Amino acid sequence: MNATDFDARPNPDELQGALRRAVEAIRTVPPPAAQFDAWQRRYGRTVASLDPPGPALPARRKKLRRRLVTLAATAAVLAGVWFGTWFGPLSFTSHGPSMDAFAATVEQIQKAKTMTWKSTYYEHITSQDGKRTWSHAGVIENAYKAPGLYRMVRLDDKGKITEVEISDWMHGRKLTYHPQEKKATIEKLDPVAHDAGPFAYDREKLNAPNLQWVEKRKTATGEVNVFRHAFRWYVAGERDWSTDYWIDAKTKQLVAMYWPGRDHYDPDSDTATTNAPGGPLSRRIMGSGTQDIRYDVPLDDSLFRLEPPAGYTVEIKQRAHVTEKEMIDYFGILAAFNDKTFPDEANNSWALLRKIDRATSKPPKRQTAAERKLLDADMRYNWGGATNAPILDFFFWNPDSIVEKSFRYLGKGVKLGEKDRIVCWYKLKGAQDPNTYRVVYGDLNVKDVAPKDLPLPVDP
Amino acid sequence: MIDLDRLVREHSPALYGIAWRILGHAQDAEDVVQEVFAEAHRQSNGAAVVCWPALLRRMATCRALDALRRRRITLPLDAAQPALAQDDPAAIAACRELEARLRIALAELAPREAEVFCLRYFEELSYREIAETLGISPTATSTALNQARSRLEELLAEPNP
């Protein structure tokens with residue numbers, strides 16, 4: 001390879017077959033619009049902690065600190081050796097338990113065909129004058145059946161059912177009903193290709209290197225080891241946030257989780273639960289506990305049936321899809337952004353995505369009007385998390401609007417405003433004349449065209 | 001002294017994009033961006049950084065790949081060779097599967113190979129830019145890239161788990 005080649009950008013031909021398609025697939029879907037203001041607020045603590053360090057410690061204090069650190073490290077190593085022996089199969093590294101230590105825990109969650117658990121949501125409130133506290137909790141009973149079936153039963157403080165929600169993520173349907181009002185709602189979900197299963201986020205945290213063993217606790221069913229994952233970005237008073245994972249000492253099953261961990265709030269020892277609520281508040285700790293996690297429990301299929309109980313009023317909610325006009329307007333915005341040329345593909349090409357990335361990275365003041373318009377439109381239509389969500393939604397995510405396989409994109413190289421060049425065509429479901437195609441031209445006009453008048457053959 | 005606010009403001013979107021393409025998960029990508037800024041600050045404590053964009057890009061790629069390796073995804077797949085017909089919802093779903101398989105495969109590569117591959121094909125950098133970003137020679141970049149491609153082709157050709 002000569003020196004010039006070292007400066008060459010990647011050529012798509014460098015990759016072949018499945019690898020090429022996989023890379024294209026990743027490049028084709030742009031990142032969901034990030035809310036960096038919210039992100040900075042969320043990570044404010046970390047950003048603040050990165051301020052320049054204070055003045056150096058005097059030599060004597062440094063020496064004392066070194067001794068304390070050495071003492072603490074020795075104690076930690078001794079504790080680790082003792083704990084490693086006592087906990088059996090767990091192995092330890094200098095960072096705590098090795099990642100392998102939780103493999104059995106994670107595997108049992110992933111392999112479970114059914115699971116049940118109880119979620120409790122706590123609020124511990126301090127009055128404005130700081131003299132009174134009160135707390136309350138809400139309970140949700142959960143059930144899961146692989147693949148993708150979830151049932152949530154919300155209970156009031158007297159244990160009465162207030163809401164039932166059944167979701168089928170593989171088929172994209174959700175039923176919610178309220179027994180007291182005898183009302184039910186059925187709505188569509190965006191179906192998922194694969195069921196991630198319960199506790200996907202926590203399964204990853206169980207592999208985090210900074211998970212620390214905290215204590216061994218006796219429970220009603222045996223003994224658990226409590227591990228803590230410390231968060232750096234949520235602020236609770238002067239301290240950071242945490243999650244506690246309770247893992248059964250014998251079975252290695254995850255049996256409970258608490259967010260925040262017991263270092264911040266212990267619902268079992270909260271004496272404020274019997275205090276009367278009321279008045280303005282000055283501080284509130286909100287948290288949740290996931291308890292009584294059970295694996296491979298026999299669950300009747302009827303629990304996951306997406307049928308409202310008899311005698312309920314049923315409302316069917318349709319997700320708001322983009323209209324044809326919105327889709328065409330968006331094509332115009334996209335073409336204006338892309339040097340007044342329609343993109344090479346209906347699904348964004350690499351080159352266009354790079355351009356959008358560059359526009360996103362610019363400070364708002366340096367963005368052009370066309371760039372701002374596109375980014376604003378993407379923010380407005382960001383439910384799909386894709387840069388060209390209106391196009392994807394109209395043609396690919398809404399099977400009720402378009403006749404299957406009738407969409408054809410011919411916009412590559414067409415200039416915005418070219419009234420004789422075709423950008424795309426498609427057939428609308430429920431159109432007055434079911435044989436004609438809707439044809440979008442470069443000037444964004446739409447005409448109904450008979451198949452024989454299209455420049456390329458189409459399936460009858 | 002670094003102007004952290006300015007760095008965060010200017011580089012967050014690009015770093016987020018890098019992490020997102022590797023991880024395919026918004027919240028995880030945000031976590032990576034956070035880690036990168038914390039680590040960048042620690043590394044630069046007292047020392048001048050010649051090229052912040054390169055340093056941050058390298059860190060984002062490495063940290064995102066670390067997160068990918070920790071993830072240990074298991075993904076059942078039925079369609080081994082889906083077509084990339086973009087006008088078909090089934091093909092779109094198949095693409096998502098293919099993306100997931102590539103991410104799993106990336107987690108199995110040697111770290112340097114995975115870094116080079118991501119910078120080349122996700123960030124579209126030249127060999128020289130990759131070499132500068134990772135602090136290696138362009139020839140080493142080329143070698144690592146060839147190995148990465150071969151290994152990934154093998155992994156993607158394997159039957160689904």
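Chain letters run A, B, ... following the sequence lines, proteins first, then strands; residues in each count from 1. Note that the structure is a prediction, hence the values are computed from the model and not measured.
Separating the CZ atom in A:Arg27 from the CZ atom in B:Arg21 is a distance of 4.5 Å, to the nearest 0.5 Å. Within the model, atoms CG of B:Leu156 and CZ of A:Arg21 stand 9.5 Å from one another, a figure rounded to the nearest 0.5 Å. Atom-to-atom distance recorded for B:Leu23:CG and A:Ile26:CD1 is 10.0 Å, nearest 0.5 angstrom. Note that CG of A:Leu19 is 6.5 Å distant from CG of B:Leu102, once rounded to the nearest 0.5 Å. One distance of note links CD of A:Glu24 with CG of B:Leu98; it measures 10.0 Å at 0.5 Å rounding.
Neither the backbone nor the side chain of B:Thr141 comes within contact range of chain A; no heavy atom of the residue lies under 4.5 Å from a heavy atom of that chain.
Here the closest heavy-atom approach between residue A:Ala8 and residue B:Arg120 is recorded as O-NH1, 2.8 Å.
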| task | Give the intermediate values and the outcome of side-chain contact (heavy atoms from CB on, under 4.5 Å) for residues B:Tyr121 and A:Glu14. | result | CA-CA 10 Å; B:Tyr121 295 111; A:Glu14 287 176 22; 2.5 Å; yes
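A:Lys429 NZ: more than 12 foreign heavy atoms inside a 6.0 Å radius.
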